[in-house]
K.L.:
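Structure below; questions to follow.
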Amino acid sequence: MKLSLIDQLADLAAARQPAALVTHLATGAQTIFTPETADDAVAAAIADDRSGELEIDGRRCFVLVRNPPARIIVVGAVHITQALAPMAQLAGYEVIIVDPRGAFATAERFPGVTLSQDWPDEALEKLKPDTRSAVITLTHDPKLDDPALTVALRSQAFYIGALGSKKTHASRVERLRAAGFADAEIARIHGPAGLDIGAKSPAEIALSVLAQLTAARRQKPTSR
């Protein structure tokens, strides 16, 4: 591989940009594609995290997908988060928990998870949610959830979820409208978050949220 291609892949990885290295098997020629520059077949491979052989313009190629880790940014170090974090890690996600309340966001409660005690909007501004990022707010506290949602709605996050009852979500919608968001923008929020499976316990709620998030990532319609 040419040094220039190695440098380009490194730059894309640093920017958390999904990409694929395509090698023409007959000639050894190599090209790097992003979702924006790839044809449909390569773009689908990138979206599916799927490396392998493909026929491109009548030539057999090997597509090596080089995607940044998919990640879930959770606002609120609460009981549901304690169930959600290990489930998400098992599903292959990097988990980042944001909660400025130091007594909640501790390594003892969340071993092996990245913790941030920044204010939610400040944390998300640093993390820059992208097309391989999900944002979930679980605190039920508008002072924490709303700043995070404000940043998330201006990002490319593939999933935005907010816990709370329908009444709570209706109030949240009104606050976001007052903050200048259009209804089409607010509609990106899955609220209340999670598939309607009758979940009661923190683990069941975490399961419903992870299932809905996975469906959104894989572009399958879900009921809310």
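Bear in mind the structure is a predicted one, so any value in this text is a computation, not a measurement.
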K.L.:
Could you tell me if the side chain of T23 sits less than 4.5 Å from the side chain of V63, heavy atoms only?
P.N.:
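In short, these two side chains do not touch, never coming nearer than 4.5 Å.
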
K.L.:
For R16 and P69, indicate whether the former's side chain and the latter's backbone hold a donor-acceptor pair under 3.5 Å.
P.N.:
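Yes; judged by distance alone, with no hydrogens or angles, the pair exists.
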
K.L.:
Within this structure, what is the CZ-OG1 distance for the pair R218 and T214, rounded to the nearest 0.5 Å?
P.N.:
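Nearest 0.5 Å value for the CZ-OG1 distance: 8.0 Å.
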
K.L.:
Is the backbone N or O of V151 less than 3.5 Å from a side-chain atom of E125, with the two atoms forming a donor-acceptor pair by type?
P.N.:
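No, the answer is negative, given that no donor and acceptor are paired below the 3.5 Å cut-off.
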
K.L.:
Specify the closest pair of heavy atoms between L213 and F158, including all atoms of both residues, with the distance to one decimal.
P.N.:
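Reported closest heavy-atom pair: O-CE1, 3.6 Å.
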
K.L.:
Considering all heavy atoms of both residues, which atom of L124 and which atom of P129 are nearest to each other, and what is their separation?
P.N.:
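Shortest heavy-atom separation between L124 and P129 comes out as O-CD, 3.4 Å.
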
K.L.:
Considering only heavy atoms from C-beta outward, does the side chain of R172 approach that of D146 to under 4.5 Å?
P.N.:
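Contact flag for R172/D146 side chains = yes.
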
K.L.:
Please name the pair of heavy atoms, one in S165 and one in P192, separated by the smallest distance, quoted to 0.1 Å.
P.N.:
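Minimum heavy-atom contact is C-CG, 3.9 Å.
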
K.L.:
Where is the tightest heavy-atom contact between S208 and I205, given as atom of each residue plus distance?
P.N.:
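Smallest interatomic distance, heavy atoms only, reads OG-O, 2.7 Å.
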
K.L.:
Is a side-chain N or O of T106 found less than 3.5 angstrom from the main chain of A103, in a donor-acceptor match?
P.N.:
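Answer holds: no.
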
K.L.:
Do side-chain atoms of N67 reach the backbone of P18 as a donor and acceptor pair under 3.5 angstrom?
P.N.:
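No, because the side chain of N67 does not come within donor-acceptor range (under 3.5 Å) of the backbone of P18.
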
K.L.:
Determine yes or no for a side-chain-to-main-chain donor-acceptor pair under 3.5 angstrom, with E204 supplying the side chain and K200 the backbone.
P.N.:
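Flag set: sc E204 to bb K200 pair under 3.5 Å.
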
K.L.:
To the nearest 0.5 Å, what is the distance between CZ (R66) and OG1 (T34)?
P.N.:
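One gets 15.0 Å once the value is rounded to the nearest 0.5 Å.
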
K.L.:
So for atom NE2, which belongs to H24, do other residues, nucleotides or ligands contribute more than 12 heavy atoms lying within a distance under 6.0 Å?
P.N.:
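Yes - once you tally the heavy atoms of other residues, nucleotides and ligands closer than 6.0 Å, there are more than 12.
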
K.L.:
Has the side chain of E185 got a donor or acceptor atom that lies under 3.5 Å from a matching backbone atom of A182?
P.N.:
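Present.
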
K.L.:
Is the closest basic N to carboxylate O distance between R132 and D49 below 4.0 Å?
P.N.:
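Yes.
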
K.L.:
Less than 4.5 Å apart, any side-chain heavy atom of I136 and any of L138?
P.N.:
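Yes. Closest side-chain heavy atoms under 4.5 Å.
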
K.L.:
If only atom types and distance count, is the side chain of E94 paired as donor or acceptor with the main-chain N or O of T114 below 3.5 Å?
P.N.:
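No; judged by distance alone, with no hydrogens or angles, the pair does not exist.
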
K.L.:
Work out which heavy atom in A152 is nearest to a heavy atom in R188; give both atom names and the distance.
P.N.:
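Nearest heavy atoms, A152 then R188: O-NH1, 3.8 Å.
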
K.L.:
Check whether any side-chain heavy atom of Y93 lies under 4.5 Å from a side-chain heavy atom of R217, and answer yes or no.
P.N.:
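Y93 vs R217: side chains touch.
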
K.L.:
Could you tell me if the side chain of T139 sits less than 4.5 Å from the side chain of V75, heavy atoms only?
P.N.:
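Yes, side chains in contact.
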
K.L.:
Would you please name every residue forming a salt bridge (charged side-chain N to carboxylate O under 4.0 Å, His left out) with R101, sequence neighbours left out?
P.N.:
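For R101, the residues satisfying salt bridge (charged side-chain N to carboxylate O under 4.0 Å, His left out) (neighbours in sequence not counted) are D99.
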
K.L.:
Just how far is it from atom CZ of F33 to atom CG of L12, taken to the nearest 0.5 Å?
P.N.:
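Those atoms lie 12.5 Å apart.
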
K.L.:
T137 versus L163: any side-chain heavy-atom pair under 4.5 Å?
P.N.:
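T137 does not reach L163 side chain to side chain.
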
K.L.:
What pairs with D39 under salt bridge (charged side-chain N to carboxylate O under 4.0 Å, His left out), at least two apart in sequence or on another chain?
P.N.:
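For D39, no residue satisfies salt bridge (charged side-chain N to carboxylate O under 4.0 Å, His left out) once neighbours in sequence are set aside.
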
K.L.:
Report yes if some heavy atom in the side chain of T81 is under 4.5 Å from a heavy atom in the side chain of V78; otherwise report no.
P.N.:
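Result yes, sub-4.5 Å side-chain heavy-atom pair found.
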
K.L.:
Checking the side chain of Q156 only, and the main-chain atoms of D130 only, is there a donor and an acceptor separated by less than 3.5 Å?
P.N.:
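Pair absent, no side-chain N/O of Q156 close to backbone of D130.
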
K.L.:
How long is the straight-line distance from CG of L64 back to CE of M1, given to the nearest 0.5 Å?
P.N.:
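Reported value, rounded in 0.5 Å steps: 7.0 Å.
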
K.L.:
Indicate, with yes or no, if L54 and I46 share a hydrophobic cluster defined by side-chain heavy-atom contacts under 4.5 Å among Ile, Leu, Val, Met, Phe, Trp and Tyr.
P.N.:
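Same cluster.
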
K.L.:
Sub-3.5 Å donor-acceptor pair from the side chain of S133 to the main-chain atoms of A157, do we have one?
P.N.:
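Such a contact is absent between S133 side chain and A157 backbone.
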
K.L.:
Less than 4.0 angstrom from a charged side-chain N to a carboxylate O is my criterion; do D57 and R59 meet it?
P.N.:
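R59 and D57: not salt-bridged.
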
K.L.:
Do I189 and H169 touch side chain to side chain, with heavy atoms closer than 4.5 Å?
P.N.:
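Side chain of I189 against side chain of H169, heavy atoms only: contact under 4.5 Å found.
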
K.L.:
Go through the structure and list residues passing salt bridge (charged side-chain N to carboxylate O under 4.0 Å, His left out) with R109, not counting sequence neighbours.
P.N.:
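Not a single residue meets the salt bridge (charged side-chain N to carboxylate O under 4.0 Å, His left out) criterion with R109.
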
K.L.:
Would you name the heavy atoms of L115 and A107 that are closest together and state the gap between them?
P.N.:
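Result for this residue pair: CD1-N, 3.6 Å.
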
